[in-house]
Amino acid sequence: MNMNTTSRRRRFIAGAVCPRCGEMDKIVVDMETQTRECVACNFSEARPQDNTAQELPTRVSRAAARRVETPAEAVTLIDPRKNED
């Protein structure tokens, strides 16, 4: 056995489904090359390097929605047992 061979650091991605064969829990990511591979069908794909991906705007993530404060209102509590006659 050659001791000079470098072992690749790979991690399985739990719950990931292969886009080619459809097998679950067979996708590994090579941590050095950022390539994902399927150990069942040998599918391989480079992970996107685009760092400009933006979060989709939702009512929770909009900055304007976070700045709105709801004014306080008085609340009257009613005891339903009092109205029993």
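What you see is a predicted model; the values in this text were computed from it and never measured. Here, residue 1 is the first one in the sequence, and each next residue gets the next number.
Residues forming a side-chain contact (heavy atoms from CB on, under 4.5 Å) with Ala40 (at least two apart in sequence, or on another chain): Cys21, Glu23, Lys26, Cys38. Under the side-chain hydrogen bond (donor to acceptor under 3.5 Å, both in side chains) criterion, Thr35 pairs with Thr33, sequence neighbours left out. A search for salt bridge (Lys or Arg N to Asp or Glu O under 4.0 Å) contacts involving Asp30 returns Arg8, not counting sequence neighbours.
In this structure, Ile13 and Val28 have side chains that are not in contact, with every pair of non-hydrogen atoms separated by 4.5 Å or more.
Counting only residues at least two apart or on different chains, the side-chain hydrogen bond (donor to acceptor under 3.5 Å, both in side chains) pairs with a member in residues 10-20 are Arg10-Glu37.
Phe43 belongs to no hydrophobic cluster with other residues, because no ILVMFWY side-chain heavy atom falls under 4.5 Å from its own, directly or through intermediates.
Nearest heavy atom pair, residue Val39 against residue Phe12, reads CG2-CE2, 4.1 Å.
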